[in-house]
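The structure appears below as structure tokens.
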Amino acid sequence: MENNTFGNLKDWGPVLERMEKLAKTGKLGDCQSELIRVLRYDDNWRLREAAIEYLADIRNPSPELIDEVYAIMMREDLYYDVRILAADALGKVLGHCTKKGKFGEAAVNRNASKVIHGMKRLLEDPQPPILHKAVRMSLEQIKG
């Protein structure tokens, strides 16, 4: 299903519809490299936000997908709302891994360690209080 599932990202309406349909049918997890392509696409905030919001619906997100959402949270050139959304999504996904005991898996464990370390660094940097609050809440979710 991966191969250019979402098509032309400039035509964002059908992309959002396709993303929603795949999420409802539980097949969005089969399109993770395509979601990464959407997350890297800087020309449409709607698509990026939708992809981040759907992250929580993916049962087994790949380390690469988690890395991409983590990168968005850390990007200082992006607006705070999307960074907060990314922090929240990471908290939910990695918190879910904690509850299911998936931290024993090496790739997930490396990802979680990297994200937790990055979140703690972010809390040490001067950032708006609303971003710090979102990051602290995500850390609490991850720790379970």
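Hydrogens, waters and symmetry mates play no part in the numbers below; they use all other heavy atoms, side chains included.
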**Report entry** Between OG1 on residue T25 and CD on residue E20, distance to nearest 0.5 Å
**Finding:** 10.5 Å
Query raised in the report: So do the side chains of D30 and T5 get within less than 4.5 Å of each other, counting heavy atoms only?
Result: no
Query raised in the report: After noting the C-alpha distance and the side-chain angles of K143 and E140, does the key distance pass the side chain to side chain contact (heavy atoms under 4.5 Å, CB included) rule?
Result: CA-CA 5 Å; K143 291 176 184 173; E140 287 175 23; 6.0 Å; no
Requested in this report: Side-chain contact test, heavy atoms from C-beta onward, threshold under 4.5 Å: evaluate it for R136 versus K133 and give yes or no.
Outcome: yes
Report task. Could you pull out all residues at least two apart from I130 that satisfy side-chain contact (heavy atoms from CB on, under 4.5 Å)? Result -> I84, P128
Requested in this report: Would you tell me whether Q32 and S62 have side-chain atoms, one donor and one acceptor, within less than 3.5 Å of each other?
Outcome: yes
Query raised in the report: Mind checking whether L90 and M137 sit in one hydrophobic cluster, side chains of I, L, V, M, F, W, Y counted as touching below 4.5 Å?
Result: no
Query - Shortest non-hydrogen contact from S138 toward A87 - result: OG-O, 2.5 Å
Could you go through residues 68-80 and list every donor-acceptor pair under 3.5 Å that involves a side-chain atom there, pairing it with any protein atom two or more places apart or in another chain?
unit_1: E68; atom_1: OE1; unit_2: R40; atom_2: NE; d: 2.9
unit_1: E68; atom_1: OE1; unit_2: R40; atom_2: NH2; d: 3.2
unit_1: R75; atom_1: NE; unit_2: D77; atom_2: OD1; d: 2.9
unit_1: R75; atom_1: NH1; unit_2: D42; atom_2: OD1; d: 3.2
unit_1: R75; atom_1: NH2; unit_2: D77; atom_2: OD2; d: 2.8
unit_1: E76; atom_1: OE2; unit_2: Q127; atom_2: NE2; d: 3.4
unit_1: Y79; atom_1: OH; unit_2: E49; atom_2: OE2; d: 2.7

Query raised in the report: Taking all non-hydrogen atoms of both residues, which atom of A51 and which atom of L39 are closest, and how far apart?
Result: CB-CD2, 3.7 Å
Query raised in the report: Heavy-atom distance under 4.5 Å between the side chains of V15 and N44, does that happen here?
Result: no
Report task. Using side chain to side chain donor-acceptor pair (under 3.5 Å) as the criterion, list what pairs up with K10, not counting sequence neighbours. Result -> none
Requested in this report: Quick one: which residue pairs count as a salt bridge (Lys or Arg N to Asp or Glu O under 4.0 Å) with a foot in residues 116-127, not counting sequence neighbours?
Outcome: none
Query raised in the report: Are the side chains of L85 and E53 in touch, meaning some heavy atoms are under 4.5 Å apart?
Result: yes
**Report entry** Side-chain (H132) to main-chain (L122) donor-acceptor, under 3.5 angstrom
**Finding:** yes
Report summary line: The side chain to side chain donor-acceptor pair (under 3.5 Å) partners of D67 (sequence neighbours excluded) come to N111, K114
**Report entry** Any side-chain heavy-atom pair of I52 and V82 under 4.5 Å
**Finding:** yes
Query - Side chain proximity check, L35 to M19, heavy atoms < 4.5 angstrom - result: yes
Requested in this report: Over all heavy atoms of both residues, which pair between V93 and P61 is shortest? Give the atoms and the distance, please.
Outcome: CG1-CG, 3.4 Å
**Report entry** pair L123-L139: side-chain heavy atoms closer than 4.5 Å
**Finding:** yes
Query raised in the report: Looking at residues at least two apart in the chain, or sitting in another chain, which of them share a side chain to side chain donor-acceptor pair (under 3.5 Å) with E17?
Result: none
Report task. Calculate, to the nearest 0.5 Å, the distance between atoms CG and CZ belonging to L16 and R46 respectively. Result -> 8.0 Å
Query raised in the report: How many angstroms lie between atom SG of C31 and atom CG of L65, to the nearest 0.5 angstrom?
Result: 11.0 Å
Query raised in the report: Should W12 and D43 be marked as a side chain to side chain contact (heavy atoms under 4.5 Å, CB included) after you check the CA-CA gap, both sets of side-chain angles, and the distance that decides it?
Result: CA-CA 10 Å; W12 57 271; D43 292 338; over 6 Å; no
Query raised in the report: From D11 CG over to F6 CZ, what is the distance, rounded to the nearest 0.5 angstrom?
Result: 13.5 Å
Query raised in the report: Any side-chain heavy atom of D57 sitting closer than 4.5 Å to one from L28?
Result: no
